[in-house]
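So you know, we letter chains A, B, ... as the sequences are listed, proteins then strands, and number each from 1. All values below come from the heavy atoms of this structure, side chains included, with hydrogens, waters and symmetry mates left out.
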Number of protein chains: 4
Amino acid sequence: MIRVAIIGASGYTGSESIQILLQHSEVELTYLTALPEECGAVEDVFPQFKGRCALPIEPLDIDKLSDLADVALCCLPHKVSMGFVPKLLDAGLKVIDFSADYRLKDVDIYEEYYNVKHTDTANLARAVFGLPELFREQIKGAVLVANPGCFPTGAVLAIAPLLKKDLIETSSIIVNAVTGASGAGKNPSDKFHFPNMNENLFAYGIGTHRHMPEIEQIASDVAGKKVTVLFQPHVGPFDRGILSTVYCQPKKNLSNEELLLLYNDFYKDEPFVQVRKDAPAVKDVTGTNYCHIFVTCVKGKIVSFSAIDNLVKGASGQAIQNMNIVFELEESLGLK
Amino acid sequence: MIRVAIIGASGYTGSESIQILLQHSEVELTYLTALPEECGAVEDVFPQFKGRCALPIEPLDIDKLSDLADVALCCLPHKVSMGFVPKLLDAGLKVIDFSADYRLKDVDIYEEYYNVKHTDTANLARAVFGLPELFREQIKGAVLVANPGCFPTGAVLAIAPLLKKDLIETSSIIVNAVTGASGAGKNPSDKFHFPNMNENLFAYGIGTHRHMPEIEQIASDVAGKKVTVLFQPHVGPFDRGILSTVYCQPKKNLSNEELLLLYNDFYKDEPFVQVRKDAPAVKDVTGTNYCHIFVTCVKGKIVSFSAIDNLVKGASGQAIQNMNIVFELEESLGLK
Amino acid sequence: MIRVAIIGASGYTGSESIQILLQHSEVELTYLTALPEECGAVEDVFPQFKGRCALPIEPLDIDKLSDLADVALCCLPHKVSMGFVPKLLDAGLKVIDFSADYRLKDVDIYEEYYNVKHTDTANLARAVFGLPELFREQIKGAVLVANPGCFPTGAVLAIAPLLKKDLIETSSIIVNAVTGASGAGKNPSDKFHFPNMNENLFAYGIGTHRHMPEIEQIASDVAGKKVTVLFQPHVGPFDRGILSTVYCQPKKNLSNEELLLLYNDFYKDEPFVQVRKDAPAVKDVTGTNYCHIFVTCVKGKIVSFSAIDNLVKGASGQAIQNMNIVFELEESLGLK
Amino acid sequence: MIRVAIIGASGYTGSESIQILLQHSEVELTYLTALPEECGAVEDVFPQFKGRCALPIEPLDIDKLSDLADVALCCLPHKVSMGFVPKLLDAGLKVIDFSADYRLKDVDIYEEYYNVKHTDTANLARAVFGLPELFREQIKGAVLVANPGCFPTGAVLAIAPLLKKDLIETSSIIVNAVTGASGAGKNPSDKFHFPNMNENLFAYGIGTHRHMPEIEQIASDVAGKKVTVLFQPHVGPFDRGILSTVYCQPKKNLSNEELLLLYNDFYKDEPFVQVRKDAPAVKDVTGTNYCHIFVTCVKGKIVSFSAIDNLVKGASGQAIQNMNIVFELEESLGLK
């Protein structure tokens, strides 16, 4: 059994990871940590785990961690994570990091968008971007996996086949996405106060969302050249899920049949990507690690739709998929 | 034109009051006040009023208030309100107070449930309880009206005819109510954070809710003797509305026809109470000042259902209904 | 008093029209009609109007209509409406028609998108497109107003200033919109069954939505030349509102300040369009006839956001705004 | 591996059963059936299973069933089920039946409440009521298990310890429950059309709900004497979950500590019942087979709160719990 610790277990990605791991047959959850003020019996932090998980949530003790775990799912927020990841690695663990701290390879872009100096560029250099459908081979031997952002996961899977085959203008891409409100995390705020968020929908991060450069980086990796993306996120009155509607300009005319063939071929061996013949709905993937995609031509443009659950394929599920790959387990364990 | 000020305009009952008064033909909104940190152009506090209300929200200045307004809708929270109401009255205004500070006639009960010393018992003595369907005559000449709590409004209207006619055991009453989340007010909190409150429903205030003694006081007033009530509130994933399901033990058998007749007769001249022949739904009254009621016998008990909008008949609408009565305007102005 | 009939009163736009007209000081609601199987006391069809509206909903009788009303709000569905509008006009009424039957000036496009032969081209020719912000002068003397579609209202208001001033590439426009579920109308269906639609969001009408040619027609009218638009609607788990996110390619660089100035100037006399300095949220306009707009530059493109309530500014409110204009009443009566 | 068939797989309890069985390590899903018009690839009926379940949904063929399965989860509706269950049993399968057809032991009550003649009283006699926490021993050897209704599961678990110990007046029990909208099943209807059900809450089945006699039957079984229950269900705007608030009159005073001790003791060996020290929320149990309970004294009455997921502990999860018991598997397999 692989022994798993969750660092920063008290948030939504922490509880989602616990939920998935309870059903995982080849791992054992051994250690849960959080900030001191968020510690306690797991049932006091997450009533849904009463009777299901006997572990307490404790302040992090690196020695204890080193004794108890083979791998850490590090659910700490951006900027905080890079202060802890070196210690986790030094303690001999493999690390799947949920934050953005090890995703952006260009330190300048990181520092611009996150407005902080990067303090662990050594590990940044060896971190592998954990989108298995595109980077599975590198993940296999990785010690540190940067688990992708939720929006980049949905957006890039929606257009990777087009980018790979150089079929679209790389300056034409518009990603319009709508996420559920859990994307905002667990801390209460005015905008996400129920009577404000309910029956509401709005755009945010206009021109400034931190997932924009992340999408551009991966898209460029896939395309083998610089890709620019206009990414516009919105948030709607539902818990989970991201629907990405991606508009792009084809370099030459493609029929819907050619597009379907291309996507089916590209994703034919992928357990968690399903290419559909109709538009995916957010609820088709809620609670699962799947990404559903539909691609079609409209008015001379290609429109690709992808749906994921932001907390599963967009966070905890993908992290556990990465963990399975790193430890050479069956990739879909715990995620069926 | 009656000139109206709203004191504590920056919360949900404040905005609801503004919304209603914009459609009121006989009043003019002249002054909006709030705590300094919540002041600004009304559109900055409430984007929905951009272009509709030119008044700023300002810190309260009593002299200005005295010059500008004939009546104050005082939307301050419990405990805070009794610090301001004497000043509003001294400034020569009539006051419709939304807080609980002038509702409970028994100071000991107030102090027990609100855990604070009452500092304005003089005005408490002359305050009129503003449930027009039961106390219209007293409201007519009132200088200070204590606008009822949302739950007491729905609960007491549901059983007033039974209490008045002494038809039920006064120790048998159980009020099971479900409110929308706006009942919690505008301040963000864990429980009302969208991803926590959405798709959720739970009981709260078990045995301790402050509306329990208020319900008992009014019910006792109506019955002319002491009434005890087990009041159990719940909150559900919707913005507005309260459904009260009230169970009571009849003293003698009553047919459904007798009950319907009794209720129709009791409320026959009431513009805002509608006695129905089927169960009311919360959405039937959303955004209106109406209370819909259905009463029936089940298994030897009487079950009465009432639906109101907690922000309208349960707060701002009823306040304006009271204001209309105080100023001898048509009672339904602004509330059609 | 203008006497108003609502033809096809039993749907969502019918009830919304009733709701608004109850607060309108210069009109009298005199006649409500529907298909025989949807008739009855208004409170039996719409419990929310119990005690508020004494009119029954009756099968249409043209003679009665002719006696009772000066204007008809015709809320019939597409294809059905053009069978009735000639009779309403012959009966001497002015007509505000909610359907698409009189919106598309090019009969071929109408017949292609609606898959039916147009049977009233004579009235089509004299119908005025009822978007007051763009066509107020023509509406003033109109006998038949084609009330705009909900999506075209939001989409075109978002970019009219750009089109008017010839500032964007007319083949570059992408309208990504999300509507609330009331847009689907009142008839139950699998997709809009609560447990299916709740917590869900999906695209529909991909490449085929009937509002696409309508948007193109108005946009072309405003631009004075042919405009093509890629329109992609989505539906989300909320009752009301449309957020349109419109992407376009500027012909030359424009600063955010220039855009704001342009929009403020274009809409400076419009009571129902509010140009904002931040992104509008659907809930800012819910229940109102307002359109909130924000426009900005991102990555070399212009992105314009507009929010409306699909049942008010997108249907019944705009119809009453049109009615006010036709009858030379104050344009905002009933809509404050 | 136990081979499982799902009869009537095309509804909500069918999909929930598939979902759970995909994670069950000791069973194999071998056969899915439905009415001919609801058959097809599983992904065409349930897009969420694309790539996860390769079985088609087919019209029922009893011979095929007999070859393919050891046990049938029979998800057919009331009245239909008793036409099929005898055939399933004759085919040599064990049956977990989701309908009410084998729950009510008193045929007269069944025929009164379901308004149909019972056509399979022979099997009714040997059916075991599948509430494991109360009837585990009988379930162990059962050939036919009547899976309980959702409301009875929540309601009876909330008060079983009190009934067992004869601590409450058996004519005093009021069960006030609120269910999520999935309880209405998958067929669209006016009341459950999204724009009607959303932001709404209402009572239904007043005095007539079919779960009332079922609750009374089990409660009487537990108490060892006749128990009457006033059961009042409501439905709210959320997908899943039932919160039951049960009011009863104690025969003698009990402290909260005594109640907690009693409940903890009664449920101490139950994996799926968690006795809490605070009020359970629906969302604490969503997606799980758990029942959370809190019991307390208020105003001389005992109030017990229970939360379950109506589709899991109230249907498919409990069915699989029963299946596990029948086949002597670990009771929580697939349900962690």
Checklist entry - If you round to the nearest 0.5 Å, how far is NE2 of A:His234 from CG of C:Leu243? => result 5.5 Å
Next on the checklist: What part of A:Asn198 gets within 4.5 angstrom of chain C, counting heavy atoms only: side chain, backbone, both, or neither?
Outcome noted: both
Checklist outcome for this item: Whatever's closer than 4.5 Å to a heavy atom in chain C on A:Ser171 counts as backbone
Checklist entry - Heavy-atom count around A:Lys105 NZ within 6.0 Å, excluding the residue itself: above 12? => result yes
Item to check | Polar side-chain atom of A:Lys283 near backbone of C:Phe202 as donor-acceptor pair, under 3.5 Å | outcome: no
Next on the checklist: I need the residue from A:Asp284, A:Asn196, A:Leu230, A:Thr208 with the largest number of non-hydrogen atom pairs under 4.5 Å to chain C.
Outcome noted: A:Leu230
Checklist entry - From C:Asn200 CG over to A:Thr286 OG1, what is the distance, rounded to the nearest 0.5 angstrom? => result 7.0 Å
Checklist outcome for this item: Cut-off 4.5 Å, heavy atoms of chain C, and the answer for A:Leu201 is both
Next on the checklist: Measuring from atom CG of C:Asn176 to atom OG1 of A:Thr245, what distance do you get when rounded to the nearest 0.5 angstrom?
Outcome noted: 5.5 Å
Next on the checklist: I'd like to check A:Glu199 versus C:Val282 (side-chain heavy atoms, cut-off strictly below 4.5 Å). Are they in contact?
Outcome noted: no
Item to check | Contact listing (chain C partner; residues 292-304 of chain A; heavy atom under 4.5 Å) | outcome: A:Phe294, A:Thr296, A:Val298, A:Lys299, A:Lys301, A:Val303
Checklist entry - If you tally heavy-atom pairs under 4.5 Å against chain A, which of C:Ala279, C:Gly207, C:Pro237, C:Ala203 wins? => result C:Pro237
